[in-house]
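Data first, discussion second: the structure below is written as structure tokens.
What you see is a predicted model, and the numbers here were worked out from it, not measured in a lab. Whatever order the structure lists ligands and atoms in, that order sets their numbers, starting from 1.
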Amino acid sequence: MMDWEELRETCLSCQKCPLWETRTNVVFGEGPKDAEVMLIGEGPGEQEDLSGRPFVGRGGKFLDEMLAMIDLDRSKLFIGNMVKCRPPENRDPLKAEQEACIGYLRNQVALLRPKIIVCLGRIAAMKLIKEDFKITREHGLWFEKAGVQMTAMFHPAALLRDPRRRPETYADLKGLQAKIQELCTHTY
Ligand code: URA
């Protein structure tokens with residue numbers, strides 16, 4: 001296992017999958033090194049690739065609004081992605097790209113030891129919770145894995161495309177808020 005510094009340097013120079021050839025920046029993820037809650041998206045989009053920061057585009061603005069509904073702000077959370085480099089045209093990351101990258105995320109989880117992991121969208125849920133995860137049926141449910149409470153919500157970009165899913169997501173956010181109150185010790 002690498003420490004934060006070594007891990008960041010390794011990620012920033014990573015060439016383990018072909019996405020390195022088209023990236024502008026590696027999006028390592030960001031947040032307090034003792035965050036109790038981790039949010040995991042799919043992969044960087046254009047704005048993230050340009051800035052090197054997760055969820056800063058339109059989806060990211062919407063994510064901030066979602067968090068604000070339960071009085072959360074991103075500064076308290078660690079926000080990362082399944083893959084750290086942008087897939088061209090924002091396509092879903094390939095299995096091989098996810099495989100190449102997942103060790104870095106696992107290392108981040110091992111360093112942080114979060115109490116709660118929230119998967120944003122089906123790609124993260126299928127990789128982190130279970131392979132056959134069905135986001136439409138299983139969003140908002142809680143799963144325990146290695147002592148970590150895990151759940152998934154619709155991806156903010158999906159909610160921008162399909163506002164009909166927003167009420168369900170509000171309920172999921174309230175569930176997250178309750179879980180934070182139950183398990184977390186920091187002030188939010
Ligand atoms: N979508 C994601 O899944 N992750 C980001 O960082 C930005 C958009």
Side-chain angles (χ1 to χ4, degrees), residues 7-8 11-12 14 16-20 22-33 35 37-69 72-109 112 114 116-131 133-136 138-140 150-163 165-166 168-169 172-173 176:
L7 182 59
R8 178 185 291 277
C11 288
L12 295 191
C14 182
K16 285 216 288 185
C17 86
L19 295 181
W20 77 271
T22 45
R23 75 180 174 225
T24 313
N25 286 293
V26 174
V27 180
F28 181 73
E30 62 186 29
K33 298 293 180 285
V37 181
M38 254 180 132
L39 303 186
I40 307 296
E42 187 172 311
E46 184 182 21
Q47 295 308 312
E48 292 77 19
D49 174 68
L50 291 172
S51 65
R53 299 185 55 211
F55 283 100
V56 292
R58 215 159 94 80
K61 296 254 153 55
F62 193 64
L63 177 62
D64 288 339
E65 290 174 30
M66 288 163 61
L67 296 173
M69 288 180 191
L72 264 188
D73 76 81
R74 63 198 285 156
S75 67
K76 304 279 191 340
L77 318 171
F78 190 93
I79 304 184
N81 279 303
M82 284 309 310
V83 297
K84 291 176 168 37
C85 297
R86 184 190 184 199
E89 318 296 330
N90 299 343
R91 63 159 169 73
D92 288 353
L94 303 176
K95 275 257 157 59
E97 293 159 356
Q98 294 185 44
E99 268 319 302
C101 210
I102 186 104
Y104 299 139
L105 180 61
R106 294 207 188 285
N107 200 330
Q108 289 176 316
V109 172
L112 271 174
I116 294 171
I117 295 179
V118 180
C119 301
L120 298 172
R122 56 180 276 279
I123 297 283
M126 289 170 70
K127 194 77 186 169
L128 300 179
I129 300 179
K130 53 179 183 160
E131 219 172 337
F133 194 91
K134 296 281 182 294
I135 190 83
T136 44
E138 297 179 291
H139 68 86
M150 312 210 26
T151 192
M153 296 182 194
F154 289 111
H155 193 283
L159 296 167
L160 286 170
R161 277 196 305 272
D162 186 358
R165 302 214 180 278
R166 291 185 191 182
E168 295 165 75
T169 301
D172 295 348
L173 286 163
L176 170 62

Self-check item: Lys/Arg N to Asp/Glu carboxylate O, Arg86 vs Glu48, below 4.0 Å
Solution: no
Self-check item: Set of residues satisfying side-chain hydrogen bond (donor to acceptor under 3.5 Å, both in side chains) with respect to Lys76, sequence neighbours excluded
Solution: none
Self-check item: Partners passing side-chain hydrogen bond (donor to acceptor under 3.5 Å, both in side chains) against Glu46 (at least two apart in sequence or in another chain)
Solution: none
Self-check item: Residue pair Ile129 / Cys119, side-chain heavy-atom distance below 4.5 Å
Solution: yes
Self-check item: Charged N-O contact under 4.0 Å between Arg74 and Asp64
Solution: yes
Quiz item: Near ligand 1, which residues have a heavy atom under 4.0 Å away from one of its atoms?
Solution: Gly41, Glu42, Gly43, Glu48, Pro54, Phe55, Asn81, His155
Quiz item: Partners of Ala158 by side-chain contact (heavy atoms from CB on, under 4.5 Å), sequence neighbours excluded?
Solution: His155, Arg161
